[in-house]
Protein chains: 2
Amino acid sequence: MTESSRGRPTMKDVAAVAGVALKTVSRVVNGEPGVNPATAERVASAIERLGYRRNESARVLRRGRTASIGLVIEDLADPFYSGFSRAVEDVALRHGSLLVSGSSGEDPRRERELALAFCSRGVDGLIIVPAGTDHDYLRPELGAGVAAVFADRPGGLDTDTVLCDNAGGARAGVAHLIRHGHRRVAFVGDSAPIFTSGERLRGYRRALGEAGLPFDASLVATGPARQAGPALVRMLSGDDPPTAVFTGNGRITVAALRTGHRPALVGFDDFELADLLDPGVTVVAQDPVRLGGTAAELLFRRLSGDHGPPERIELPTRLIPRGSGELPP
Amino acid sequence: MTESSRGRPTMKDVAAVAGVALKTVSRVVNGEPGVNPATAERVASAIERLGYRRNESARVLRRGRTASIGLVIEDLADPFYSGFSRAVEDVALRHGSLLVSGSSGEDPRRERELALAFCSRGVDGLIIVPAGTDHDYLRPELGAGVAAVFADRPGGLDTDTVLCDNAGGARAGVAHLIRHGHRRVAFVGDSAPIFTSGERLRGYRRALGEAGLPFDASLVATGPARQAGPALVRMLSGDDPPTAVFTGNGRITVAALRTGHRPALVGFDDFELADLLDPGVTVVAQDPVRLGGTAAELLFRRLSGDHGPPERIELPTRLIPRGSGELPP
DNA sequence: CTGAAAGCGCTAACAC
DNA sequence: GTGTTAGCGCTTTCAG
């Protein structure tokens, strides 16, 4: 062994073996110009022989940038977010960055912990699906040069944000049901304080209003997905039950399907096999891959020096009729 | 501003503000014992005032450990791996570690790149779902003290490995079809060189053998998931078609369902909504969450100093009859 | 084209 | 209890 005792070889070890100065090794490792090809060759073979690999931690300490970005989402196991994350990963890869990620589980404290832990590790930028609304904790980090993009929901800071058209999508979905003759349309959605849930509820009310239908609070149920099924069953077995249901996200749509009841149904979010059920499930689809990709592109644009004013991008949704939304009352 | 020019405040800055030595700040930040409560309080308030946060890169450079682990999977967007990843994340969180992850896309070169990039960043350990079979590239890293666990498939190195009982599961699934009267059972699976695919095919053959049925190569199709549908259709429309199909993974099961044909079917891997289709899809379920959790626990056990011989754990599968596997020939 | 020296922010080892 | 010193492995000056 040539290197100093146990542990990985360092540039110093490589330099010793190649018979050059440490700085020359650095030049070769980083592909800097201005090294004699013969020297470079000697260094390269020393690197090979020693199995040398650059220590990123040391490099980061010196340079300040890590070529990594942090991602905070709600739950990696949710298909929506896993597609989203994969898109972010792909963009990161294309920009030579690694991805550090964590799930907040809709807990603002955990979101904060994760984001700050990522910053401590010197990520160059953050993509955050906000669990909370207060993001003052990020101020010092942004001041220190970390870029941040909010995705899926707006955060409590004026930075780049990528959303999808929640209200418009919900409005289109509910209007679709009304167009098919329904006058009592229920809304079963996520917990009310969640931004996307509120927006979708807003779209629901708007569609009702535009059709001249009254808003009936007894037709609205919001809460965690696991309560959605029972809530829907209660509604359907009450007096003057709804003939159609709009579900506020993919998990709730599935919960609704599991109740065994089959009212006319349009759900927010597309999901695998929606087309194979009987009837096929009509959905308002958003595109998690595009959402993630857009957020990541925005982030890397900032990282490469764009200092324009914060952008707010809203992606469109798409209504996909498959049968359940076209059932008559 | 008290701290040196722009950029984040350092321990030095905190020390200056608190009127103590740098080392005292270090003690407080790391919760080391032996600091006068009053002093600690002064330091704490200086930290608060300055918005100080410990620089992990510097800490890592000094200590050698990062409190982070690396995860290489096939595709984060695949529900199987997203459940798996989430389980790893949860265990990592419990051990105070962050997760750096990347998708190999079944490309051994990319697997290697990711794993080595993680090592360069000083991850304490790796969990790898091998895309390739040669893992010599990891030898220097293991030598330098990085722990590694292979999951879902064995790697080319004698380290801890967590698999599921692929052959046994497939055998049980195929036997189930045979028990329901089928004598011509097709196998549609993933590309042959993939470990899990080979094992499942082995289980298929074994079940045939045990039932005294001949192996007929024309009833076997292996390849990427997108070719599975057409291959199945070809089989079903040939002379003497199969009356039942065993599909080798979740994606292929879905592809089979999309063909519109409805032979008796048992699929490897459970998937959401399998029970809501008509008929419900009988599956051999493995548990990605348990697989990921087990791999992570194994890794952290090594990281906390267990030097026992490499373990190889095989998790059981579970046959879930739902209708499609009980159809008569 | 190549090298020597300084120092990134922190922790480990040892004083006081 | 607290402070001083050295140095982790690298990049950044600045000199040859």
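Residue numbering restarts at 1 for every chain, and letters A, B, ... go by the order of the sequence lines.
- Nearest-nucleotide mapping onto DNA chain D: of B/V35 and B/A58, the residue sitting toward the 5' end is B/V35.
- Looking at residues 22-32 of chain A, you'll see A/K23, A/T24, A/R27 sit with a heavy atom under 4.0 Å from some atom of DNA chain C.
- Taking atom CE on B/M11 and atom P on C/dG7, their separation rounds to 20 Å, with Å as the unit.
- Between the A/D13 side chain and the A/T10 main chain, a donor and an acceptor come within less than 3.5 Å of each other.
- Atom pair B/R65:CZ and C/dC10:P shows a separation of 21 Å (rounding to whole Å applied).
- Between the side chain of A/R59 and the base of D/dG9 there is no donor-acceptor pair of N/O atoms closer than 3.5 Å.
- For the pair A/E297 and A/R94, the salt-bridge criterion is met [side-chain N within less than 4.0 Å of a carboxylate O].
- In this structure, a donor-acceptor pair under 3.5 Å is present between the side chains of A/T66 and A/D124.
- For B/T39, a side-chain nitrogen or oxygen approaches OP1 or OP2 of D/dT2 to under 4.0 Å.
- Recorded end-axis angle for the helix from C/dC1-D/dG16 to C/dC16-D/dG1 stands at 30°, based on five pairs per end and rounded to 10 degrees.
- Across the interface with DNA chain C, nearest-nucleotide mapping of B/L61 and A/G19 shows A/G19 to be the residue nearer the 5′ end.
- Salt-bridge check for B/R121 with B/E56: failed, with every basic side-chain N at 4.0 Å or more from each acidic carboxylate O.
- Residue-level contact check: B/V20 touches the backbone only, with heavy atoms under 4.0 Å from sugar-phosphate atoms and none from bases.
- The backbone N or O of A/G308 sits less than 3.5 Å from a side-chain atom of A/R302, completing a donor-acceptor pair.
- Checking side-chain atoms of A/Q286 against main-chain N and O of A/C164 turns up no donor-acceptor pair under 3.5 Å.
- For the pair B/E314 and B/R312, the salt-bridge criterion is not met [side-chain N within less than 4.0 Å of a carboxylate O].
- For the pair B/I69 and B/V123, the tightest heavy-atom approach, listed with the atom from each and the gap, is C-CG1, 3.9 Å.
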